[in-house]
Amino acid sequence: MDVEDTQAQPLPPLNKSASRNSMDECISWFHGKITRDAAEHILDVGGSSEGLFLIRESTSSPGDYVLSLIHNKSPIHYQIRRHGEDAFFSIDDGPIVHGLEMLITYYQENAQGLSTKLNEMCKGQPPPPDSRRHGRTNLLHRATKEGEVTVVRELLKSGYHNLDAKNQEGQTAVHLASIMGFNDILDLLLVVGANPNIRDGSGLTPLHYASKNNEPETVAVLLRHKANPQLRATESGWVPLHYAAFLGYTEVLNVLLEMKCPCHPRSNYNETPLDLAKKNKHKECISILENYVAAPPTSSRSEWFHEDLDREKAMSLFRSEGLKDGMFLVRRSSRRKDIYVLSVVHNSHPFNYEIQRKETFYFIDDGPYLDSLDHLVEHYSNMADGLPTNLVQPIPPGTESLDIPSNSKDKDVENLIYNNVAANVVYREKKTPPKVRKIDPISRPNLIRRESLKLGDSIGEGEFGSVLCGKWLNLDNIEVNVAIKTMRDEQVQRCREEFIREVEVMVGLDHPCVVKLLGVCLGPPLMMVQELVPMGSLFDYLLDFQDEINVHDLILWSAQIAWGMTYLESKRFVHRDLAARNILLSSKTEAKISDFGLSRAIGTGSEYYKASTGGRWPVKWYAPESINYGTFSHASDVWSYGITLWELFTYGDPPYGDMTGMQVIQLLECNQRLSIPEDCPEKIQKVMSQCWQYNPENRPTFKQLYSSFCTDVDYKPLWNFFKCEEEIL
Ligand code: AMP
């Protein structure tokens with residue numbers, strides 16, 4: 001039997017089919033995983049009318065989306081963040097809405113914090129099923145609801161791919177099978193990978209339905225297939241055990257407990273299942289819950305408990321172990337010895353959670369009450385349940401940190417920044433504490449054989465041609481990820497000299513905050529091979545992920561750029577194109593200076609470089625003496641650094657808006673400057689104005705700028721805690 005046959009089965013007619021089709025028409029604003037440039041092109045072709053919009057999949061943050069819209073004839077991009085594992089989304093500080101289509105409807109009705117409300121859409125396709133709150137009834141829904149096991153089996157056999165599609169109520173086939181108690185069908189669906197952890201339009205999962213419908217066998221099937229018993233109903237925060245206790249369903253209660261669901265989860269109103277059973281006087285349930293004894297824990301303190309480890313040392317231990325996802329330890333709070341703290345690594349960042357106590361129980365935030373510290377670790381090893389990751393790799397007590405001891409303030413900061421940028425590699429490869437590497441004395445680039453390079457997709461467009469990602473089988477026979485700057489044929493004659501000059505500048509540079517040149521391939525075509533800086537331009541990141549960036553990130557990047565520029569200054573190079581677009585991000589905490597196309601060495605005995613040709617100068621980043629006389633120095637780079645800081649603290653606004661280069665010059669000559677960004681810390685405001693002193697001699701040097709980040713006590717907590725997460729203790 002093939003799918004055609006199955007469609008001939010006598011199934012009930014669908015209702016409202018016309019409105020369903022038109023519903024899909026109304027939400028055909030999705031354009032898949034396209035780049036920001038492609039989105040801007042589509043909006044442009046679409047006519048750039050006010051409020052024209054499209055949705056695309058985020059290329060750097062899986063599960064998230066990006067809203068691209070037109071305001072005042074220019075494209076603006078907003079990140080749409082997904083919350084948790086289900087289809088809950090928000091933009092900036094706006095409300096969290098269930099379903100991407102509902103979020104868009106919300107912003108079609110009202111701008112609510114966007115620069116304009118959404119108007120006309122750029123037509124694409126309807127959004128993917130797992131992002132939606134509601135869908136439309138399909139063949140699988142109908143067959144499931146009717147209990148047609150054979151039809152379902154044949155549909156699945158024929159590779160039916162819409163397993164998690166939702167119907168009008170936002171229910172998947174797994175919901176329907178669970179509601180009806182059709183366990184054969186449920187099993188078939190789950191075996192082929194249908195997701196048991198989706199919420200429907202009422203905020204309930206299949207396991208909620210099975211529990212509130214008193215279907216113990218269905219509950220068991222779902223749990224065997226990794227249904228998450230800790231998912232909460234959206235409104236009440238009840239998990240399935242709450243329903244069973246509230247309704248007095250002892251069999252369901254027993255199945256849930258036998259399958260190791262926590263016995264004392266808490267609702268949004270802090271109620272436990274025992275509270276609900278007592279409220280409804282379900283004596284048997286009360287007795288089961290009161291007498292429940294958790295199985296002995298499989299995890300023990302000897303694997304992860306550190307009696308005497310403060311926050312800083314814990315971070316240092318994580319760093320020395322490579323900051324892998326799910327690494328964790330439990331320690332005592334250094335300030336309050338009676339409190340335990342769980343420290344866990346996610347996305348290379350340590351997160352800290354206070355473990356609280358109530359009577360004999362242990363718990364984190366609004367998580368379940370657990371019988372002991374060991375049970376708590378076991379629970380969060382089995383499921384993340386609100387943490388950013390589940391606990392995977394314990395760091396045992398007695399593990400020695402290979403991180404650098406912090407003695408002097410300056411060294412400390414230098415090392416910390418260094419760790420952020422380069423140390424992981426050093427630790428992993430050499431198992432020795434990192435040192436700031438010596439400058440490579442070799443001044444000729446590696447020649448890279450064409451056969452050792454594999455060219456991949458384009459990751460950017462540069463002055464000479466495309467920048468590709470690729471792989472290089474290096475001299476140690478190790479394949480490494482690289483970025484390859486290519487030169488278009490027609491550019492070879494025109495740009496060869498500039499290309500070679502960029503290579504000449506980069507070849508002697510070796511610093512954690514400067515993109516490294518690995519070599520040159522003579523091709524043809526001529527190619528520059530650089531370390532791959534995977535997250536791309538900081539400028540794009542500022543625009544796309546504004547709501548994920550906080551002031552600590554901005555200050556960390558500012559300090560890293562100042563450090564890299566201090567190094568360039570020590571090598572007597574002026575960059576001449578310092579701007580957010582030329583800073584690349586290796587990770588959220590590693591910024592690197594790139595694009596040395598305009599850079600020049602300053603000869604000894606001279607303090608500046610005089611340009612003989614104008615070319616395409618980024619005037620809005622230039623100091624008055626560079627615009628007026630074509631002189632470039634470290635001090636003019638410092639001016640550009642001030643503009644770069646301004647870009648950072650405005651999250652990527654264009655400096656001087658629509659003003660022409662000539663108007664900018666006039667403004668500067670009248671002693672006016674860019675206005676200080678909103679919410680910019682006072683100290684950064686001061687740095688900006690110092691960088692924009694008219695007389696170059698009155699500007700700070702990069703060394704001074706960098707050491708102010710190192711020595712100013714106001715920045716100290718940043719270095720210690722490294723990242724933006726809130727300090728909890
Ligand atoms: P550029 O020619 O240096 O202006 O590079 C153009 C674009 O290519 C940049 O904006 C980045 O998005 C990308 N790019 C350049 N170099 C690298 C690199 N080393 N790693 C990753 N992306 C890069």
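Indexing begins at 1, ligand by ligand and atom by atom, following the structure's order.
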Could an N or O of ligand 1 be found under 3.5 Å from any N or O of Val533, whether backbone or side chain? yes

What is the nearest protein non-hydrogen atom to atom 10 (O) of ligand 1, stated with its residue, atom name and distance? Ser537 CB, 4.1 Å

Can you report which non-hydrogen protein atom sits closest to atom 18 (C) of ligand 1, along with the distance? Ala483 CB, 3.4 Å

Are any of the side-chain nitrogens in Glu625 or Arg699 under 4.0 Å away from the carboxylate oxygens of its partner? yes

Would Arg673 and Trp646 count as a cation-pi pair here, with the cationic atom under 6.0 angstrom from the ring centre and within 45° of the axis? no

Of the choices Ser586, Cys469, Gly460, Ser458, which has the non-hydrogen atom that lies closest to atom 7 (C) of ligand 1? Gly460

Identity and distance of the protein heavy atom lying nearest atom 8 (O) of ligand 1: Val467 CG2, 3.4 Å

Ignoring angles and geometry beyond distance, decide whether Lys485 reaches within less than 3.5 Å of ligand 1 through its nitrogen or oxygen atoms. yes

Considering only NZ, NE, NH1 and NH2 on the basic side and carboxylate oxygens on the acidic side, decide whether Asp544 and Arg36 come within less than 4.0 Å. yes

Tell me whether the guanidinium CZ or amine NZ of Arg576 lies under 6.0 angstrom from the six-membered ring centre of Phe632 and within 45° of its axis. yes

If we only count heavy atoms from C-beta on, is the Met565 to His575 side-chain gap below 4.5 Å? yes

Val515: numbered ligand 1 atoms lying under 4.0 Å from its heavy atoms: 19 (N)

So, do Phe596 and Phe573 have ring centers that fall under 6.0 Å from each other? no

Kindly confirm or rule out an N or O of Glu531 lying under 3.5 angstrom from an N or O of ligand 1. yes

Below 4.0 angstrom, N of the basic side chain to O of the carboxylate: do Glu50 and Lys73 qualify? no

What protein heavy atom is closest to atom 11 (C) of ligand 1, reported as residue, atom name and distance in Å? Leu584 CD2, 3.9 Å

Does ligand 1 come near enough to Asp595 that some N or O of the ligand is less than 3.5 Å from an N or O of the residue? yes

What do you reckon, does Glu461 have a nitrogen or oxygen under 3.5 Å from a nitrogen or oxygen of ligand 1? no

Using only heavy-atom distances, determine whether the side chains of Trp621 and Glu647 contain a donor-acceptor pair under 3.5 Å. yes

What's the shortest distance from atom 12 (O) of ligand 1 to any protein heavy atom, and which residue and atom give it? Ile459 O, 3.7 Å

